[in-house]
There are 2 protein chains.
Amino acid sequence: MTLQTPRFPGSNAERSRLWNRALVLRHVRTAGASGRAEIARASGLSTQAVSNIIADLTGEGLLAEIGRRQARRGLPVAQYAVAPSGGHALGVELRPDAARAVLSDLAGRALWSGRRALAHAGPDEVAGEINTLRDEALAGSGVCPDRLLGIGVVMPGPFGHTGLAAAATELPGWEQTDPAPFLESRLGCAVVIENDANAAAVAERLSGVAQGLEHYAFLYFGAGLGLGIVSDAGLLRGAFGNAGEIGHVRIDGRRLEEVASRVSLARRLSAAGHAAGTVEEIEAALDAPETGQWLDEAAAALGQAVVLLENLLDPQVVILGGALPDALIDGLISRIVLSPASLAARPDRTLPRLMRGAAGRMTATHGAAALVLDRLFTPRLDAA
Amino acid sequence: MTLQTPRFPGSNAERSRLWNRALVLRHVRTAGASGRAEIARASGLSTQAVSNIIADLTGEGLLAEIGRRQARRGLPVAQYAVAPSGGHALGVELRPDAARAVLSDLAGRALWSGRRALAHAGPDEVAGEINTLRDEALAGSGVCPDRLLGIGVVMPGPFGHTGLAAAATELPGWEQTDPAPFLESRLGCAVVIENDANAAAVAERLSGVAQGLEHYAFLYFGAGLGLGIVSDAGLLRGAFGNAGEIGHVRIDGRRLEEVASRVSLARRLSAAGHAAGTVEEIEAALDAPETGQWLDEAAAALGQAVVLLENLLDPQVVILGGALPDALIDGLISRIVLSPASLAARPDRTLPRLMRGAAGRMTATHGAAALVLDRLFTPRLDAA
DNA sequence: CTTGATAGCTCAATTGAATTGACCTTAAGT
DNA sequence: ACTTAAGGTCAATTCAATTGAGCTATCAAG
């Protein structure tokens, strides 16, 4: 084995097993409780192979038999389902001033959540705070430490040096540090790093409105406007992990973020004398005329952006979500008029072109946990 | 085995072998002639596994020992390289009025090329003409029929029913026919279908300027303007295979295709009395003032489009190419002023942000053949 | 000119995991 | 009761990768 994981690693019996294990778990999760034969048909494996894998997984507590059902003829099928408490993931959302965390089980349910203020958001302090959050989460939920599959961390992007003006959201002190290996060595467990939009996109696939979808885009309202692209059932991350910087795209001569973001709404509201620093305050100003004006303007710009995404990426659907009240997302969706001159205006559509994300405003934190769980359910050749 | 190939098929010993074979071939092709030990290090396989695979591949004629080189100490390494005549691919570019074809060897060299006029471009006639082209190609080049790995076909997209106005380039009679399975059954060999931009993008990776790159976008000048997106070393195809419709994207209120395409240039030239129906005629009018005006306007629009792509996809580079004279592509590249407010304006770049494609104006036809070859060199679990 | 180190490679045995085919179990239809 | 259908287990086989011992060719040092 090389030290540097190659782009395409060689395959062998053990990696085949890992791949097929993920295949079994994924089928059980997405298609619901299933019997061996059904999983075998869906995966192309022999029933015997599925049997062996199921024996492993039940032994490890990841899978559980949930009874037998006599459907048609024949022997009643032994139904297996993911055991929610077979594994857990800690999702951490890092912001310059605080870290939020959620401990989630395999079913995606939050067992514990917490928050810690950050005086400085540099690598050392962050590692320490995540460590504390993990301890609190495990203690507070009674979860056994060796049932923690990994920690997902959502950081504000873009990562590395780019031509984009350093937004106020970027974390200081991380310029020289590659977050994933650093945190992995400090925390002693698997760490997945993503930006908020990507995490939100993954969360929707795991337990939101994008279940079963393989191609979609998620427009994420954070401080600015982010974009998570899922293509061929995987995240599109780009050469440096920074794909999806849609906020800086110019629509009608203005950066999309200036028109369609929480910051742009807050600016408009506070100019009119409303407090608009938090989601709650924004929610309180739902009926303000400024909110209506913002909706109209934002919807016009977003409409063009969505058609742009449709034409470039040919997704099954575009999802809107993030740290905005559901009512505002719905308001945007109802106001957005999508051009029929788009790839996506196909007559045989089954899904709407726009949907609202299901995860609500804790999307990013939940998404961080979802990143870890997603790895368990996604066949991969490259690691354990 | 299921009949429908599942999204993620199960893995077994035989599929592992196929995967690892592709891994070996890919290394030898991209890194040049190599010895067993080097391939083993790069792939993470044991030297023994590499030995066995090399024995297979040389037996099949796909790989050949090209001598031994004593570099440093130790036993001189037996160097292996792809045997160019070990396999061939027929690339076919379908247009409404004609089909062009190239027979290419494993090294990407064209051994034969030809063209047949099409009276009707419906499925039956096209299958017949491709059959004839194959026979002519094999006869004309002396290649053994069982050395033909497959046929790559480039068709004008978008495929299926979309909201885009049916361009004049679309082929009639294919509305009800899924091209790949239809042609596969008619031609009795593997068939790969793509649009022109995707094929061009793959061609650049196999033998052009994108060798070794895993993230890039190819702006393709065909009749209109197409976009091939390579992400994570694979084509981004979208839910219905139509990703990359950049021609319909609006820049400053106009469809990009109206400003930056061969058709737009031809319209401008012919309004000024120049013939501009073919690439040759366009080449003859290189110094016309209308050409200069077109270059300025097209470059301005393309500059915005490129920054858009950079921000959405975070590619290593954006490549321009297709059926335009090299001088015009170079003219565009030199005129395009890229905003520094872009993800791609990172200080540590090693590649320019824009490059000209290497394949010239037969890009699409060569790309069609490259599609077939690419499969041989790309590890895949899903098929033979 | 010998000797040791280094690197590449081969042979034979082992191991991991999937497949195959025979057989068992349970239920529905006749 | 008997047949059919469906799910599942057991044991043997097969495929392909790994492991470790041993061979070969070259360079470098004594």
Side-chain angles (χ1 to χ4, degrees), chain A residues 1-2 6 8-24 27-28 31 33-59 63 65-80 379 381 384, chain B residues 1-2 6 8-24 27-28 33-60 63 65-80 379 381 384:
Chain A
M1 277 298 299
T2 48
F8 291 100
S11 173
N12 59 25
E14 277 160 80
R15 274 196 272 250
S16 285
R17 171 72 96 171
L18 281 172
W19 175 281
N20 291 341
R21 276 169 59 109
L23 218 51
V24 169
H27 185 269
V28 167
S34 337
R36 294 166 166 77
E38 179 189 336
I39 299 171
R41 278 190 299 269
S43 63
L45 294 169
S46 62
T47 57
Q48 186 55 50
V50 174
S51 259
N52 294 338
I53 290 168
I54 285 183
D56 276 14
L57 292 174
T58 48
L63 219 53
E65 186 177 333
I66 59 160
R68 299 166 175 269
R69 191 180 59 173
Q70 58 257 44
R72 287 140 295 186
R73 288 190 181 184
L75 203 158
V77 303
Q79 305 259 101
Y80 289 88
L381 282 165
Chain B
M1 279 297 297
T2 48
F8 292 101
S11 173
N12 59 24
E14 275 161 81
R15 274 196 272 250
S16 285
R17 172 71 95 168
L18 280 171
W19 175 280
N20 291 339
R21 276 169 59 108
L23 218 52
V24 169
H27 185 269
V28 167
S34 336
R36 294 166 168 77
E38 179 190 337
I39 300 171
R41 276 190 299 270
S43 63
L45 293 170
S46 63
T47 57
Q48 186 55 48
V50 173
S51 260
N52 294 337
I53 290 168
I54 285 183
D56 276 14
L57 292 173
T58 48
E60 293 168 32
L63 220 52
E65 186 177 333
I66 59 160
R68 299 166 173 268
R69 192 179 58 171
Q70 58 258 42
R72 288 138 295 185
R73 289 191 180 182
L75 201 156
V77 304
Q79 305 259 104
Y80 289 88
L381 281 166

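Below, chains carry the letters A, B, ... as their sequence lines are ordered, and counting in each starts from 1.
A:Ser34 is listed as a side-chain neighbour of A:His27, based on a closest heavy-atom distance under 4.5 Å. Here the side chains of A:Tyr80 and A:Thr58 are in contact, with some heavy-atom distance below 4.5 Å. Considering only heavy atoms from C-beta on, B:Arg21 comes within 4.5 Å of B:Asp56 through its side chain.
We find that CG of A:Leu45 is positioned 11 Å from P of C:dT20, with the value rounded to whole Å. Rounded to whole angstrom, the span from the CD1 atom of B:Ile53 across to the C1' atom of C:dC9 amounts to 16 Å. Atom CD of A:Gln79 is separated from atom P of D:dA6 by 16 Å (rounded to the nearest Å). For the pair A:Asn52 CG and C:dT20 P, the interatomic distance rounds to 14 Å; values are reported in whole Å. When rounded to the nearest whole Å, the span between CD1 of A:Ile39 and P of D:dG7 equals 12 Å. The separation between B:Leu23 atom CG and D:dA17 atom C1' is 13 Å, rounded to whole Å. Distance, A:Tyr80 OH to D:dG7 P: 14 Å, rounded to whole Å.
Note on B:Ala37: only backbone sugar-phosphate atoms sit closer than 4.0 angstrom, heavy atoms only; bases stay farther off. Residue B:Glu14 is classed as a sugar-phosphate contact, given heavy-atom separations below 4.0 Å to backbone atoms only. Across all strands, A:Asn20 comes closer than 4.0 Å only to sugar-phosphate atoms, never to a base (heavy-atom distances).
Residue-to-nucleotide contacts include a donor-acceptor pair under 3.5 Å from the side chain of A:Gln48 to the base of D:dC10.
Taking 4.0 angstrom as the limit, B:Arg17 places none of its side-chain polar atoms (N or O) nearer than this to OP1 or OP2 of D:dC15. For B:Arg15 and D:dA16, the shortest distance from a side-chain N or O to OP1 or OP2 is not below 4.0 Å. Residue B:Asn12 has a polar side-chain atom (N or O) positioned under 4.0 Å from OP1 or OP2 of C:dT19. Using a 4.0 Å cut-off, no side-chain N or O of A:Thr47 falls inside it from OP1 or OP2 of D:dG8.
With 3.5 Å as the limit, one finds no donor-acceptor pair spanning the side chains of B:Arg36 and B:Thr47.
Nearest nucleotide to the side chain of B:Leu75, out of D:dT24, C:dG16, D:dG8: D:dT24. Between D:dG8, D:dT18, C:dA18, one nucleotide has an atom nearer to the side chain of A:Arg36 than all others, and that is D:dG8.
In this structure, CG on A:Asn20 lies 4.5 Å from CD1 on A:Ile53, to the nearest 0.5 angstrom.
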